[in-house]
There are 2 protein chains.
Amino acid sequence: MKVSTKKEEFLQESLKLIHEKGFKATTMRDIADRLGFDVSNSYNYIKSKQEILESFLFRTSNEFHDSMNNIMGSNYPIDEKLKQVISAHIKIASQRPYEVALMVNEWRNLKEPKYTQYVELRDTYEQKFGDLLKEGIDNHIFKAMDIEIATAVILSSIRWFYDKYTNDGKSNLNPIELERQIIDFVFNGVLL
Amino acid sequence: MKVSTKKEEFLQESLKLIHEKGFKATTMRDIADRLGFDVSNSYNYIKSKQEILESFLFRTSNEFHDSMNNIMGSNYPIDEKLKQVISAHIKIASQRPYEVALMVNEWRNLKEPKYTQYVELRDTYEQKFGDLLKEGIDNHIFKAMDIEIATAVILSSIRWFYDKYTNDGKSNLNPIELERQIIDFVFNGVLL
DNA sequence: TTCAAACATAAACAATTGTTGATTAAAAAA
DNA sequence: TTTTTTAATCAACAATTGTTTATGTTTGAA
């Protein structure tokens, strides 16, 4: 007895529509229309519109945290850990681009208390990333940098990846090649 | 006879509120409430809610384009041009953080034909940035890179600056120090 | 003082939106 | 076959929202 196929279909279509139009601009009637049934039927699948956002955001957030925790708990050298965090990000973004797009663009639409919970999760992730950088600096693997700036710069530089794997992003980038170039950039910059 | 102080106050308060709550979530009544008058009075200052968004977005977009065009038209060496583009971005983001925040977060709420116009402006800017990188690669100043990836990475890594200059961003970063670290990162990466 | 511009309010509008309740049909499980 | 889930519809709701119209007040320049 698998989880209702119809429910899964409903959620996937919701996800894509919210990605296209934005959460606030997507109405329950928009979603129902695309699936070919009446609005009210949607509430056989979900409790509220908010629930759609919440489930996608927290599920994907957990994926990021699990991968971060695995890497942090390993014995790899610090530069290898940084590579793996970037690699994990590309993997998740290429496998679930629409969910990642929601994380980037629609988290503001969460309501309390989910909003605060989500922001805290995000802060924790950034904190761990900053710790990783700090360890690299202390061990003289990375150059001296302002942790706050470096964290923001590096995380921002990888945040847009999802765009290359949604259908509206024109080109379809090879994840392996993307990873190679990003890591080279983060480690060595643009100079020869 | 200066342009109505009250109108300027109205627009500034709108800008901040839209930054805080998002464009869709900000109602005309929210703005009027904060200014202490009735909704309908707002329409003595503006023609429509959309107009608020449009005016801020296109005005600030023009600032970026003007500075980009000035730099492109100069005779500086290519690596110096890249530095200046980054520097100009920091300058605009630190002077008008709320406007830049709107550019980053609320452009999706534009309606046609403004939406398409804005996206085209954005594409043009990225195109010029890519041309700059390409020239640097051809002249063996920058290493060989995929232009599409490099453009996205570098522009993303500088897009968040506004956050350090809005009041909700906690710390207040020194623009000079920020610029130094960013340029060092973009040119040389994190390795020693 | 006169007069236009700027500033303000009250009332209402039409449309949209998330959600509920009652009910029925179909499908799956017992 | 009976019974329970699942899937669907129709109608309606209460609230919100952008905007308009008509009207009144304040103010600064002529």
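So that the names make sense, note that chain A is the first sequence line, chain B the second, and so on, each numbered from 1. All heavy atoms count here, side chains included; hydrogens, waters and symmetry mates do not.
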Worksheet item: Reading nucleotides 18-24 of chain C from the 5' end, what letters show protein touch, with B for base, S for backbone sugar-phosphate only, - for no heavy atom under 4.0 Å?
Response: BBBB---
Item to complete: To the nearest Å, give me how far apart NZ (B/K7) and P (C/dA8) are.
Response: 15 Å
Worksheet item: Separation of B/E9 atom CD from C/dC7 atom C1', in whole Å?
Response: 12 Å
Discussion item. I need the residues from residues 108-117 of chain A with at least one non-hydrogen atom less than 4.0 Å from DNA chain D; give them sorted by number, or say none.
Written reply: none
Discussion item. Would you say NZ of A/K81 has more than 12 non-hydrogen atoms from neighbouring residues, nucleotides or ligands within 6.0 angstrom?
Written reply: yes
Discussion item. What is the separation between atom CG on A/N44 and atom P on C/dA25, rounded to the nearest whole Å?
Written reply: 16 Å
Worksheet item: Looking at B/F187, is B/K83 sitting on its ring face, NZ or CZ under 6.0 Å from the six-membered ring centre and within 45 degrees of the normal?
Response: yes
Worksheet item: Taking atom types as modelled and ignoring hydrogens, do the side chains of A/N109 and A/E106 form a donor-acceptor contact shorter than 3.5 angstrom?
Response: yes
Discussion item. Rounded to whole Å, how long is the line connecting atom CZ of A/F37 with atom P of D/dA11?
Written reply: 19 Å
Discussion item. Ring centroids only, cut at 6.0 angstrom: are A/F185 and B/F185 within range, meaning strictly under it?
Written reply: yes
Are any protein N/O atoms closer than 3.5 Å to N/O atoms in nucleotides 23-26 of chain D? If there are, list each pair with its distance.
none

Worksheet item: How close or far is atom C1' of D/dT9 from atom CG of A/L35, stated in whole angstroms?
Response: 16 Å
Worksheet, complete the sentence: salt bridge (Lys or Arg N to Asp or Glu O under 4.0 Å) filter on B/D138, not counting sequence neighbours, yields B/K134
Fill in: A/E20 bridged to A/R34 by N-O distance under 4.0 Å
yes
Fill in: Salt bridge flag under 4.0 Å for residues B/R122 and B/E126
yes
Fill in: No-hydrogen, no-angle side-chain donor-acceptor test under 3.5 Å, B/K128 and B/N69
yes
Discussion item. Looking at A/K111, I want to see if its NZ is surrounded by more than 12 non-hydrogen atoms of other residues, nucleotides or ligands under 6.0 Å.
Written reply: no
Practice prompt. Measure from CD1 on B/I31 to C1' on D/dG18 and round the result to the nearest Å.
Written response: 11 Å
Worksheet item: Does a sphere of radius 6.0 Å around NZ in B/K143 hold more than 12 heavy atoms from other residues, nucleotides or ligands, not counting ones at 6.0 Å or beyond?
Response: yes
In residues 84-92 of chain B, what donor-acceptor pairs under 3.5 Å come from side-chain atoms, sequence neighbours left out?
residue : atom : partner : partner atom : Å
B/S87   : OG   : B/E179  : OE1          : 3.2
B/S87   : OG   : B/E179  : OE2          : 3.3
B/H89   : NE2  : B/I158  : O            : 3.1

Discussion item. Test salt bridge (charged side-chain N to carboxylate O under 4.0 Å, His left out) on A/E63 and A/R96; report intermediate values, then the result.
Written reply: CA-CA 10 Å; A/E63 277 197 65; A/R96 308 199 199 293; 2.5 Å; yes
Discussion item. Looking at A/R180 and A/E177, is there a salt bridge between them, counting it only when a charged N and a carboxylate O are closer than 4.0 Å?
Written reply: yes
Worksheet entry | For DNA chain C, the residues among residues 10-18 of chain B that have a non-hydrogen atom under 4.0 Å from it | none
Item to complete: Measure from OH on A/Y45 to C1' on D/dT6 and round the result to the nearest Å.
Response: 7 Å
